[in-house]
Participant: 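I have a structure I would like to understand better, so I am pasting it below and will then ask my questions one at a time.
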Amino acid sequence: MNKKDLIGHLETIAVYMEIKGENPFKISAYRKAAQALEYDERSLGEIDEAGTLKGIGKGTAALIKEWRENNGETELMNTLTEEVPEGLIPLLKLPGLGGKKVSKLYQELDITDRDSLEQACLTHEVQSLEGFGAKTEQKILEALAEEGKRPERLPIAYMLEMAQKLEASLETVRDVRKYARAGSLRRVEESVKDLDYIMSVKDAEHVRKQLVELPEVAKVINDGTSKVSIEIKGEYNVQVDIRLVEEEDFASTLHHFTGSKDHNVQMRQLAKERNEKLSEYGIEDKDGRKTTFQDETEFYAHFGLYFIPPEARLGRGETDTFQEPYPYIEKKHIRGDLHMHTTWSDGSLSIREMVEEVKKHGYEWLALTDHSKYLRIAHGLDEDRIRRQMEEIQNVREKEKNIQIFAGIEMDIRPDGTLDIDDDVLKELDVVIASIHSSFSQSEKEIMNRMEQALKHPEVNVIAHPTGRLLGRRDGYKVDLDRLMKRAGETNTALELNANPNRLDLSADWLRKAAEHDVRIAINTDAHNSGMLDHMDVGISIAKKALLQPDQVINTMSAEQLKKWLQHKKQ
DNA sequence: GCCGTTTTCGGCCCGACTGTTTTCAGTCG
């Protein structure tokens, strides 16, 4: 019985109520209550009175009390499940079907699940219903056939790749003034449903024609005057929504379609308080006079706010935070990259080549951190090869006066909790990153024992990819992150934000917590080739989402400061 | 169902698109 179960309970109530045709505001009240619980950092045990949370009133507070006392059951939910067949719930996910339509299908045609829906479509009973038609029926059949073929949302790593490919094509479209990413891609969410773009055009008609004829288009979904939706080909096909706007509306539209939805709701409330109406086209005062903006900075300034980075537009209080200038971390603060691999283990560039690539990023320093010997598959380094690598690093150092090179290792924490490299060698290295690459299925106790051995070791500076997750593929090992953060704070060990978009480990939510524990964060690309060094941008985005400040991130230190910090634990 | 320094009642974000209609409801983001 945890908070997640309760949140699920409230959300399920909302879903059932949609089919029952309840007042939409009542339905959204249950969703808001679920959200209030989700955004509260405390566990359920720590929340005494749920009714004190904004968005939870008397009614829901009583329901939560009942839920707690009744082992996760409530009278309301029991009634709802009696009244609404369970098989209707998944039908809400089919595109084009909402509560009203599903309810009608149930009441008029006795449809209770996907099979009876399919039957009714095949016998054309559906198209005879009021408000339905032949097209609706056909679309339902198509949706049923497509169902389950692709996950609803895809991992950001996949979507970034799709976006980059598409953008190469968008560059060739004529009569476009400029375009920008919007939506969850621009907010750099961990998973993304579809790709959104805002495009300022000289000739909308001409641009539309070119867009629907791009070579990667699999299907045109809709083709309106201000919005073109296409599906592009890939391992999974992806929907792309492109809004075509006039130059003067670009900033407002970009803001609107960057979202998040919750952020927009908060912004519209601010507008309303000022007797203005906010929409994608900008701001209208009560006399219908429209204000437009050069850019989003101007847009926010209109509301007395400082620019809120897209990643942090979550509807979680940022419209309060940014009433004052907030010193969030940015690319310009980053002075080095602390985690990368060369041909000495499983990287694809030599030391010299890697250093050349890193220099292109304008950093002051870098750390080379190949794998250690336990990771045989990656040709990890033993003590002897570490010493030889240090010699080569020294040779490169002597020729490289413009960038400081730290010698490091990404050392395995073995399954029994012992560390993979002898202490006397660790002492000679500048940077030691410790990480888990094996026995992922161990119990939390065993995993935490391994973490503990690394944390308390005086030579270990950073714990890499603390949860071991791979987005969309693997959950990671059972780590008690609260405990890990507490101990990282006590031992002055940094935790990694692995910037690889397949990992994003730690997540933004845990980074916020780490900051509360006063834990230092290392934004690491874990680069195995030159292109992966660019993942620093993704890492910075996640750090922005967590509203990390420069002094919480060790990449912002100068080489001298970092040297000092690396020594600090040993004293 | 929630909320309130104009309010304890009457609002609750806003607009586009589709498919159904023949002026609009439902869905979606």
Side-chain angles (χ1 to χ4, degrees), chain A residues 10-11 13-14 17-36 50-64 74 76 91-105 126-140 143 152-153 182-187 189 192-198 220-229 239-245 249 252-253 255-284 315 319:
Chain A
L10 294 170
E11 279 168 352
I13 288 175
M17 284 183 162
E18 263 180 44
I19 296 178
K20 269 201 74 187
E22 285 277 8
N23 177 348
F25 296 109
K26 186 170 167 181
I27 296 169
S28 95
Y30 280 101
R31 294 222 160 91
K32 272 184 196 155
Q35 210 173 48
T52 56
L53 293 178
K54 192 171 156 52
I56 300 183
K58 263 192 194 164
T60 312
L63 180 102
I64 291 172
T74 61
L76 175 60
L91 302 185
L92 287 172
K93 294 227 161 165
L94 298 175
L97 286 190
K100 297 250 168 67
K101 284 220 161 95
V102 169
S103 169
K104 189 148 206 166
L105 290 166
V126 170
Q127 60 172 279
S128 61
L129 283 181
E130 194 191 337
F132 290 72
K135 275 197 171 172
T136 314
E137 195 175 83
Q138 191 53 35
K139 283 207 162 173
I140 292 173
E152 212 177 327
R153 301 177 72 83
S184 50
L185 182 73
R186 183 165 183 239
R187 299 198 310 275
E189 300 290 352
V192 171
K193 190 168 165 216
D194 44 34
L195 301 178
D196 291 302
Y197 289 90
I198 311 301
V220 178
I221 297 164
N222 60 49
D223 187 6
T225 49
S226 64
K227 172 184 163 180
V228 177
S229 291
Q239 183 170 335
V240 184
D241 295 334
I242 303 167
R243 321 265 157 178
L244 309 176
V245 298
D249 293 328
S252 303
T253 313
H255 175 269
H256 179 86
F257 286 106
T258 296
S260 63
K261 207 176 163 185
D262 292 334
H263 175 79
N264 285 357
V265 167
Q266 291 185 351
M267 291 304 295
R268 288 202 202 94
Q269 276 159 358
L270 286 182
K272 215 168 178 180
E273 283 164 23
R274 301 160 54 97
N275 273 323
E276 293 171 339
K277 192 175 71 175
L278 175 58
S279 78
E280 64 195 88
Y281 298 115
I283 292 164
E284 271 182 28
T319 48

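A, B, ... follow the sequence lines: proteins, then strands. Residue 1 opens every chain.
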Participant: Classify D241(A) by what it touches in the nucleic acid, base, sugar-phosphate, or nothing, heavy-atom distance under 4.0 Å.
Facilitator: nothing
Participant: Give the rounded distance in Å between these two atoms: NZ of K139(A) and P of dT18(B).
Facilitator: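 Answer to the nearest Å: 8 Å.
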Participant: In whole Å, what is the span from the CD1 atom of I140(A) to the C1' atom of dT20(B)?
Facilitator: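 Rounded to the whole Å, the gap is 13 Å.
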Participant: With a cut-off of less than 4.0 Å, is there a side-chain N or O of S226(A) near OP1 or OP2 of dC17(B)?
Facilitator: yes
Participant: Any side-chain heavy atom of H255(A) within less than 4.5 Å of one from M267(A)?
Facilitator: yes
Participant: Take atom C1' in dC28(B) and the same atom in dT22(B), then report the distance between them in whole Å.
Facilitator: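 Rounded to whole Å, the distance is 24 Å.
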Participant: Just wondering, do M17(A) and L76(A) contact through their side chains at under 4.5 Å, heavy atoms?
Facilitator: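 With C-beta onward as the side chain, the pair touches.
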Participant: Reckon S28(A) has a side-chain N or O less than 4.0 Å from the OP1 or OP2 of dC12(B)?
Facilitator: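 No, outside the criterion.
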Participant: Heavy atoms under 4.0 Å, any strand shown: does K135(A) hit a base, just sugar-phosphate, or nothing?
Facilitator: sugar-phosphate
Participant: Hey, which sits more toward the 5' end of DNA chain B by its nearest nucleotide, K58(A) or Q239(A)?
Facilitator: K58(A)
Participant: Does a side-chain N or O of K100(A) approach OP1 or OP2 of dG26(B) to a distance below 4.0 Å, or not?
Facilitator: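 For dG26(B), OP1/OP2 do have a side-chain N/O of K100(A) under 4.0 Å.
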Participant: For dT18(B), take OP1 and OP2 only and decide whether either is under 4.0 Å from a side-chain N or O of T136(A).
Facilitator: no
Participant: For the C1' atoms, the ones on dC12(B) and on dT8(B), what distance do you get once it is rounded to whole angstrom?
Facilitator: 15 Å
Participant: Separation of D249(A) atom CG from dG15(B) atom C1', in whole Å?
Facilitator: 13 Å
Participant: Using the C1' atom as the point on both nucleotides, what is the distance between dC3(B) and dT7(B), in whole Å?
Facilitator: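 My reading of the C1' atoms in dT7(B) and dC3(B) gives 10 Å.
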Participant: Under 4.0 Å, counting only non-hydrogen atoms across every strand here, what does L97(A) touch: a base, just sugar-phosphate, or nothing?
Facilitator: sugar-phosphate
Participant: Taking O4'-C1'-N9-C4 for purines and O4'-C1'-N1-C2 for pyrimidines, is dT7(B) syn (within 90° of 0) or anti?
Facilitator: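 Here dT7(B) takes the syn form, which means its glycosidic angle is within 90° of 0.
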Participant: Using the C1' atom in both, what is the distance from dG11(B) to dT6(B), to the nearest Å?
Facilitator: 14 Å
Participant: Are the side chains of R274(A) and I283(A) in touch, meaning some heavy atoms are under 4.5 Å apart?
Facilitator: no
Participant: Tell me whether the side-chain N/O atoms of K272(A) come closer than 4.0 Å to OP1 or OP2 in dC12(B).
Facilitator: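 So the side-chain polar atoms of K272(A) do come within 4.0 Å of the phosphate oxygens OP1 or OP2 of dC12(B), strictly under.
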Participant: Taking the side chain as every heavy atom from C-beta outward, state whether D241(A) and I221(A) have any atom pair closer than 4.5 Å.
Facilitator: no
Participant: May I ask you to verify if any side-chain N or O of K277(A) is less than 4.0 angstrom from the OP1 or OP2 atom of dG15(B)?
Facilitator: yes
Participant: Please give the nucleotide sitting opposite dC2(B) as a Watson-Crick or G-U wobble pair, both distances under 3.5 Å, or none.
Facilitator: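 Partner of dC2(B): dG11(B).
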Participant: What is the nucleic acid contact for Y30(A), judged by heavy atoms within less than 4.0 Å: base, sugar-phosphate only, or nothing?
Facilitator: sugar-phosphate
Participant: Quick check on DNA chain B: between P95(A) and L129(A), whose nearest nucleotide comes earlier from the 5' end?
Facilitator: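 Its nucleotide being nearer the 5' end, the pick is L129(A).
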Participant: Is there a side-chain contact between I242(A) and L244(A), using heavy atoms and a 4.5 Å cut-off?
Facilitator: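 Side-chain contact under 4.5 Å: yes.
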Participant: Mind checking whether L105(A) and V126(A) have side chains closer than 4.5 Å, heavy atoms only?
Facilitator: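 A side-chain contact exists here, since the closest heavy-atom pair is under 4.5 Å.
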Participant: What nucleotide, of dG26(B), dG1(B), dG29(B), holds the atom closest to the side chain of K101(A)?
Facilitator: dG26(B)
Participant: Find the distance F132(A):CZ to dT21(B):P and express it as a whole number of Å.
Facilitator: 11 Å
Participant: Considering only atom C1', compute the distance from dT20(B) to dA25(B) and round it to an integer number of Å.
Facilitator: 9 Å
Participant: Measuring from atom CD1 of I13(A) to atom OG1 of T60(A), what distance do you get when rounded to the nearest 0.5 angstrom?
Facilitator: 8.0 Å
Participant: Of all the choices, dT27(B), dC14(B), dC17(B), which nucleotide is nearest to the side chain of S279(A) once you look at every atom?
Facilitator: dC14(B)
Participant: Which whole-number value in Å describes the distance from I198(A) CD1 to dG15(B) P?
Facilitator: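 I198(A) atom CD1 is separated from dG15(B) atom P by 16 Å.
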Participant: At under 4.0 Å between heavy atoms, what does Q269(A) touch on the DNA or RNA strands: base, sugar-phosphate, or nothing?
Facilitator: sugar-phosphate
Participant: Using the C1' atom as the reference point in each nucleotide, state the distance between dT23(B) and dC17(B) in Å, no decimals.
Facilitator: 16 Å
Participant: Return the value, rounded to whole Å, for the distance between atom NZ of K104(A) and atom P of dG26(B).
Facilitator: 8 Å
Participant: With sugar-phosphate meaning primed atoms plus P, OP1 and OP2, does K26(A) contact a base, only sugar-phosphate, or nothing at under 4.0 Å between heavy atoms?
Facilitator: base
Participant: Using whole Å, what does the distance between atom P of nucleotide dC2(B) and atom CD1 of I56(A) come to?
Facilitator: 9 Å
Participant: Touch check for P24(A), heavy atoms < 4.0 angstrom, all strands: base, sugar-phosphate only, or nothing?
Facilitator: nothing
Participant: Which part of the nucleic acid, if any, lies within reach of A134(A) when heavy atoms closer than 4.0 Å are counted: base, sugar-phosphate only, or nothing?
Facilitator: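 Counting heavy atoms under 4.0 Å across all strands, the contact made by A134(A) is with sugar-phosphate only.
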Participant: Measure the distance from CG on D196(A) to C1' on dC28(B) and round it to the nearest whole Å.
Facilitator: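 These atoms are roughly 12 Å apart.
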Participant: Can you find a side chain N or O atom of K193(A) that sits less than 4.0 Å from OP1 or OP2 on dG29(B)?
Facilitator: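 So the side-chain polar atoms of K193(A) do come within 4.0 Å of the phosphate oxygens OP1 or OP2 of dG29(B), strictly under.
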Participant: What is the nucleic acid contact for L94(A), judged by heavy atoms within less than 4.0 Å: base, sugar-phosphate only, or nothing?
Facilitator: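 The residue L94(A) makes sugar-phosphate contact but no base contact.
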Participant: Would you check if H263(A) and S260(A) make a side-chain contact, meaning some heavy-atom pair closer than 4.5 Å?
Facilitator: yes
